[in-house]
Amino acid sequence: MPTSVATQRATPAALAASGLTKRYGERVALREVSFAAAPGELVAIIGPNGAGKTTLLSILAGIQRPDAGAVTRPPREIGWVPQQPAVYSKLSVAENLRLFARLEKVADPDAVVARMLEQTGLAARAGDELGTLSGGNRQRVNIAVGLLAEPPVLLLDEPSSSLDPRQRARLWEFVRGQAERGTAVIFSTHDVQEAERHADRVLVLADGELLFAGSARELAATVQPAGGDVAGPQDFETAFVQFLRERGH
Amino acid sequence: MRWLLLKDLRILRRSPLLVTLLVVYPIAVALLIGFALSRGPGKPTVAIVNQIPKQQRSFDVAGSKLNAEEYLPAFLRSVNVVRASSPADARRLVREGKVLGALILPSDITQKLATGREQPTVEVLYNGEDAVKQRYVDSIIRARLAEANVALSRRFQQATAGYLRLLLDGGTLSVLGTKVDILGLKNAHAIVTGTIASLPPSSPLRTSLLQVAQFGRLAIDNLGVSRDVLKSVGQPVKVRQVLVGGRRTPLDTFAAAIAVTVSLMFLTLLLAAGLLALEREEHAFSRLVRGLVSRVGLLVEKISLAALCAFGVTLLMLLGLGGFFIELNWSRLPQWLLALALGAVAFAALGVAIGGLAREVRAASLLAFLLSLPIAFLALVPNGAVSAGLYDVVRAVSAAFPFKPTLQALDAGLNGGGGLAAALAHLAALAVAYTAVARLLLGRRFG
Ligand SMILES: Nc1ncnc2c1ncn2[C@@H]1O[C@H](COP(=O)(O)OP(=O)(O)OP(=O)(O)O)[C@@H](O)[C@H]1O
Ligand SMILES: [Mg+2]
């Protein structure tokens, strides 16, 4: 079923992608994906494993070249938090933050580093080498590095997957704050509830195809209530699974 | 057990780079060692120019005939001989590396040997491209010449004995075609004693005494000849060494240049390859190249760092060598610093190309290490030690890596002589080429 993916808002898009296609040999990881995100909009990308979420985000981030299609914004203006931590394990938390702050050419690196240490709750471990931190704490630094420059567009690939609940809350609080100041945020997640709660819009990817773009409520409305005659509210996760099943995934 | 085995085989089959290395490397090393053992210093190729006219190839020493050709086989035992038509031809062969050295037998050699009054000189041409080879040629020629000289001096000793016998017993000596009668000391003694015995008190002594005086004169003359002959006995043929191309480098400074180049190679390659691979191992590479730094910028940073570190360490090493083992030419400081610096940069560029191939530090280090040994080995193969065709291949392969030009630049920088500018230009070209290769490798793959 063809999906209209054009944003309904009148404001010019912070980031737009058109006709993105990516092949790995025979396998098509992404097929003709087009969408746009408005400034201040929070967009969630959800879909099964191998759906193409990471592929889409890394093309938006300028890390991979698409076989076809285009992205409106250069990578330089896009913040990027990869799925795998991309920080130096031999540098301390503060050193990693300071290095990337300088590379990003932020106005006051030390102030930004201090703020990020505060934000991530890692001030006490600022001097510890990354390699000695737990996986979740490493991920916190990874996220902080992507947020350093306060870019107009922020891409996060499963940012909350290894965080504890308190850190998740902090993360979303921060991300919302960024969005309120006009940053377009696009994130992928397997936590469908998280998408429902925080995203203004969800994109559903499966087998490289964009199946749906709209609010979580709109997505839930497209599926038949489970059990047929049982009317009433059903949770978003159930609706999402049913949506995929109806589309043959 | 069985399943583990199958699993490991399957993993190996899916690691083409590793398997290629595992297969190609031992073969390459075996071939190199094979060449070194079979085609190496055992039977070097030497060119010979024989300028002795045909009719003069046999000559007279004290009445016995000697044949110059007879000495050549002894001289050239265990060397492959290439006959050169002229000294110019020999010079060309040496310069082009077709032969290890050349030997020129001058036309007057038999005449000089026949008279024994003057030491004939043979010329040895060699290429000064590297000092190891220089010493090698030198030792080969000297050893062969010593053998020939021993054989010749045996003949001269016989000749000397003949002269001495003549002086003692008397006889005929052919001098410039005319025969001269020699009385001999014994006869002279007989005459003198006879004269004295048969002497009436008033008889005139003049004739006998005149004979004695004449003999004395002759004896003195011939003893003079013997002196010259005896001088030749030690070394009948003198060697004059002529350098064709390259320069004369003392072996110890050349050894120092090799040691420094080898250290420079290992340090720079491992460092540059490892530093670049680390960026990918840490997944930071993709973060960096999306706008924070350009790929070329990243490469230049790795190359600079690796080159600078290796430059510092090898400079210290060179200074240490200079303090204890070799004499450093301080007036040439800028030259050898430049050679060291450019060598480091070229090696670092090769290092980042290796780093661009591998995604992990360990793989990159292994690759750098495995590549280093054969490169150094090949660069040290002297020309003339292997067949001409093979040497051309060796030379082409060596030219594609920075080892040989670095060694040449460092040698020229340390010891003077030409070739520095060419070697530096070569290194600069390699640095640019390998940086371009690394850039291509980085563009193709994403960390
Ligand atoms: N380097 C690669 N080579 C070959 N195929 C790849 C490569 N990277 C991704 N793919 C394929 O592309 C498809 C999309 O992968 P992608 O990583 O984008 O999925 P994803 O939605 O992020 O999955 P997950 O939820 O598990 O992170 C998959 O089928 C995957 O196998
Ligand atoms: Mg993913």
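Order of the sequence lines sets the chain letters (A, B, ...), proteins ahead of strands, with each chain counted from 1.
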| task | Check each atom of A/Ile78 against the heavy atoms of chain B and say whether the ones under 4.5 Å are side chain, backbone, both or neither. | result | both
| Region of B/Leu278 in contact with chain A, defined by heavy-atom distances below 4.5 Å | neither
| query | Measuring heavy-atom distances to chain B, does A/Ala61 have an atom under 4.5 Å in its side chain, in its backbone, in both, or in neither? | reply | both
| For the side chain of B/Arg290 and the backbone of A/Gly62, is there at least one donor-acceptor N/O pair under 3.5 Å apart? | no
| Does a side-chain heavy-atom distance below 4.5 Å link B/His283 with A/Pro85? | no
| Of all heavy-atom pairs between A/Phe100 and B/Arg287, which one has the smallest distance, and what is that distance? | CE2-CD, 3.7 Å
| message | With a 4.5 Å cut-off on side-chain heavy atoms, are B/Leu292 and A/Arg76 touching? | response | yes
